[in-house]
*Asks:* 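Here you go, one structure.
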Amino acid sequence: MGLRIYNSLSRQIEEFTPLRPRKVGFYKCGMTVYGPAHLGHAKSGVHFDAMVRWLRVSGYDVTYVQNITDVGHLTQDSDDGEDPVTREARKRGLHPMAVAEAFSRAWLDDMDALHMLRPDIMPRATGHVPEQIEMCRELLEKGHAYEVNGSVYFDVASFPGYGRLSGRSVAEQEAGTRVELRSEKRHPADFALWKRAEGGHIMRWQSPWGWGFPGWHLECSAMARQYLGDTVDIHGGGLDNQFPHHECEIAQSECCTGKPFVRYWLHNNMCTINGQKMAKSLGNGVLIRDAISTPQPLLDRSGQVLLERAYEPTVVRHFILTSHYRASQDFSNDALIAAESGSYKLRDAFAEVARAARSAASRPASDAVRTALSEIEKRFADAMNEDFNTAAAIAVLFDFARQCRSWVADGAGREDLATVDTLARKLAGDALGLIWRDTGGSGSSKQDDLIKMLIEMRQEARKSKNFALSDQIRDRLLAIGIELRDGPQGTTWSAS
RNA sequence: GGCGGCGUACCCAAGUGGUCUAAGGGAACGGUUUGCAAAACCGUCAUCCGCGGGUUCGAAUCCCGCCGCCGCCUCCA
């Protein structure tokens, strides 16, 4: 069975067929770099990362493009308001590009921590101004845009498809929209392709219409076209960007190229924390960097606990993947604790297989193991192929982990265990990006040797029934985060 | 006001017409194991899927009504 994905455009699950066989052009709306990334960015990023990983594991040659918005994204509406990057720069007394640079790097750090694959191309809006001007020019030429006082607006009335993605009609919207006075636009739904730069505007470029800067929506159309061609296979982003951002992208791109812009639109749902929307006004936003490294409990503005402590990045990732990308997900301390216990169960089972694969005796490969593995792989693929059901895929991993334990306990041979280990790395690691922090025990460092020595001393104490001493060794190691585990094959340990 | 989504056990969360007396995880409880623990393993844990109707041979899954929660419509992943 091949991949089936939910297409926001048709509102149903469709079989996935890329434009060119085995090749996928994947564009994801990246972030606007005026602040550090929060858990919402993590949810979106992790889910789209899992999709790209799965496409690649499935044999597709994916070109993954994720933009960085560093100019043009206005805080108000398309013809008024300030660029948030510029606003942040003013607050900090920095150049806007310095702000963009700082938060771009911070975002890369967060992505890396959560084991998101770096996009193949991370284009920036400011680096593609000529392309945007060119697109603007084409749209004017084709009669889909008009210029007013140095700004260029897209003429929504010229594109009958406008509203199809988000299920709105321009006429309906007019009724609910606040009356826009003193607007230059012909129609309230028209949006800016190019904005005239007023007096003190720092981020500005020379254009056929004078000094100005590009509108937010235009960058994605221009950059997607630049790197993926007129039609991209998959375009992803947050549900909150479905309207107006994606709607506007479609209008610009299709009017410009005359071709369908996107074959499959994918939208991830939003997240909440303790049942509430994360909002600046509530002071309950949780940054990725805090979730994975805070030394103390995270509180909201009213002193309520958001997260008791930090969680390993892979635990955060695991938690995100236990819900579907189109479902909303609530972050809470309890939920993360539960995810942590479960995630470490997988980690430990797979680590044990890897360990056993190095030490087990050689033995002819077993048909039973081979059959079980292909069964696991099939169930996992079925889950992922059904609109990237990562939650169901993780459920398969738990079954897999249980079997791993029993193979090791039953003394499976080195060859079988190596095959098991390879599959575990493929499904958990390559496909889902569940790559846990090294818990030690590979036996190569001085610390490992020391712990090994203490374990041996504890064994001596236990043999001579000196339990006071053996327990003391165990307890004191635990106090510094090293947990001993006694098993039939001896004692293993892991460091937290 | 307009548009859309959701409500599954103590918690998280899959499943969207029959294989569902509902996956998986966490917690809890009982047991095996252990010098004692931890880990691991086995077992128990929703006859039922917000509530009330309806359609159907058959519904958690479709339709209608109600209640509750959330999102979008202005920037947000």
*Asks:* Has the side chain of A:D471 got a donor or acceptor atom sitting under 3.5 Å from an opposite partner on the base of B:G35?
*Replies:*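 Yes.
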*Asks:* Just to verify, which of A:Y64, A:Y264, A:Y27 counts as forming a ring-ring contact (aromatic ring centres under 6.0 Å, His included) with A:H235?
*Replies:*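 Exactly one pass, corresponding to A:Y27.
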*Asks:* Scan A:E14, A:E386, A:E15 and name whichever one has a salt bridge (charged side-chain N to carboxylate O under 4.0 Å, His left out) with A:R4.
*Replies:*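 Of the listed options, the one satisfying the test is A:E386.
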*Asks:* Contact class for A:C271 vs. all strands (heavy atom < 4.0 Å): base, sugar-phosphate, or nothing?
*Replies:*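 Contact class for A:C271: base.
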*Asks:* If you look only at distance, which donor and acceptor atoms sit under 3.5 Å apart when one is on a side chain in residues 308-321 of chain A and the other is two or more places apart or in another chain?
*Replies:*
{"unit_1": "A:R309", "atom_1": "NH1", "unit_2": "A:E340", "atom_2": "OE2", "d": "3.2"}
{"unit_1": "A:R309", "atom_1": "NH2", "unit_2": "A:E340", "atom_2": "OE1", "d": "2.6"}
{"unit_1": "A:Y311", "atom_1": "OH", "unit_2": "A:N333", "atom_2": "OD1", "d": "2.7"}
{"unit_1": "A:E312", "atom_1": "OE1", "unit_2": "A:Y344", "atom_2": "OH", "d": "2.6"}
{"unit_1": "A:E312", "atom_1": "OE2", "unit_2": "A:R437", "atom_2": "N", "d": "2.6"}
{"unit_1": "A:T314", "atom_1": "OG1", "unit_2": "A:I435", "atom_2": "O", "d": "2.5"}
{"unit_1": "A:R317", "atom_1": "NE", "unit_2": "A:L432", "atom_2": "O", "d": "2.7"}
{"unit_1": "A:R317", "atom_1": "NE", "unit_2": "A:G433", "atom_2": "O", "d": "3.2"}
{"unit_1": "A:R317", "atom_1": "NH1", "unit_2": "A:D49", "atom_2": "OD2", "d": "3.0"}
{"unit_1": "A:R317", "atom_1": "NH1", "unit_2": "A:L114", "atom_2": "O", "d": "2.9"}
{"unit_1": "A:R317", "atom_1": "NH1", "unit_2": "A:H115", "atom_2": "O", "d": "3.1"}
{"unit_1": "A:R317", "atom_1": "NH2", "unit_2": "A:D49", "atom_2": "OD2", "d": "2.7"}
{"unit_1": "A:R317", "atom_1": "NH2", "unit_2": "A:L432", "atom_2": "O", "d": "2.8"}
{"unit_1": "A:H318", "atom_1": "ND1", "unit_2": "A:S343", "atom_2": "OG", "d": "3.1"}

*Asks:* Can you find a side-chain donor-acceptor pair between A:K28 and A:S44 that sits under 3.5 Å?
*Replies:*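 There is such a pair between these side chains.
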*Asks:* Keeping to residues at least two apart or across chains, list the salt bridge (charged side-chain N to carboxylate O under 4.0 Å, His left out) pairs with something in residues 483-496 of chain A.
*Replies:*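 Listed by first then second residue: A:D348-A:R485, A:R458-A:D486, A:R462-A:D486, A:E483-A:R485.
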*Asks:* Once you apply a heavy-atom cut-off of 4.0 Å, does A:N389 come out as touching a base, just sugar-phosphate, or nothing?
*Replies:*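 Here A:N389 touches the backbone only, sparing every base.
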*Asks:* What contact category does A:F319 fall into here, base, sugar-phosphate, or nothing, at under 4.0 angstrom with non-hydrogen atoms?
*Replies:*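 Sugar-phosphate, backbone atoms only, no base.
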*Asks:* Output the single nucleotide from B:A77, B:C12, B:C41 whose closest atom is nearest the side chain of A:A335.
*Replies:*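 The listed nucleotide nearest to A:A335's side chain is B:C12.
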*Asks:* Can you label the angle between the A:W407 ring and the A:F400 ring as parallel, tilted or perpendicular, going by 30° and 60°?
*Replies:*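 If you compare the ring of A:W407 with that of A:F400, the planes turn out perpendicular.
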*Asks:* Roughly how far apart, to the nearest Å, are B:C62 and B:C57 at atom C1'?
*Replies:*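 My reading of the C1' atoms in B:C62 and B:C57 gives 16 Å.
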*Asks:* Would you list the pairs meeting salt bridge (charged side-chain N to carboxylate O under 4.0 Å, His left out) in which at least one residue belongs to residues 318-330 of chain A, sequence neighbours left out?
*Replies:*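 Listed once each, the pairs are A:R326-A:D387.
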*Asks:* Please, what dot-bracket string fits RNA chain B when only Watson-Crick and G-U pairs with both distances under 3.5 Å count, crossing ones use [ ] and pairs to another strand use |?
*Replies:* ((((((((.[[[..)..(.....]]].(((((.......))))).....[[[[[..)....]]]]])))))))....
*Asks:* Please classify the nucleic acid contact of A:A409 as base, sugar-phosphate, or nothing, using heavy-atom distances under 4.0 Å.
*Replies:*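 The answer is nothing, as A:A409 stays clear of every strand by at least 4.0 Å.
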*Asks:* Dump every N/O contact between nucleotides 26-34 of chain B and the protein below 3.5 Å, one line per pair.
*Replies:*
{"unit_1": "B:G26", "atom_1": "OP1", "unit_2": "A:K345", "atom_2": "NZ", "d": "3.4"}

*Asks:* Could you tell me whether the side chain of A:N466 and the main chain of A:E460 form a donor-acceptor pair under 3.5 Å?
*Replies:*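 The answer is no, because no donor-acceptor pair under 3.5 Å joins these two groups.
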*Asks:* Of A:N67, A:T69, A:N241, which is the lone residue that meets side-chain contact (heavy atoms from CB on, under 4.5 Å) with A:C220?
*Replies:*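 Among the candidates, only A:N67 passes.
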*Asks:* Can you pull out the residues from residues 33-43 of chain A that lie within a 4.0 Å heavy-atom distance of RNA chain B?
*Replies:*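 Going residue by residue through residues 33-43 of chain A, the ones with a heavy atom under 4.0 Å of RNA chain B turn out to be A:H38, A:G40, A:H41.
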*Asks:* Identify which nucleotide among B:C36, B:A13, B:C72 has an atom closest to any side-chain atom of A:D240, counting heavy atoms from C-beta outward.
*Replies:*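 Nearest to the side-chain atoms of A:D240, counting from C-beta on, is B:C72.
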*Asks:* Tell me whether the side-chain N or O atoms of A:R474 pair up with the base of B:A38 as donor and acceptor below 3.5 Å, since no angle test is needed here.
*Replies:*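 Side chain to base: no pair present.
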*Asks:* Would you indicate what A:S470 reaches in the nucleic acid, counting non-hydrogen atoms under 4.0 angstrom: base, sugar-phosphate, or nothing?
*Replies:*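 The answer is base, as A:S470 lies within the cut-off (heavy atoms under 4.0 Å) of a base atom.
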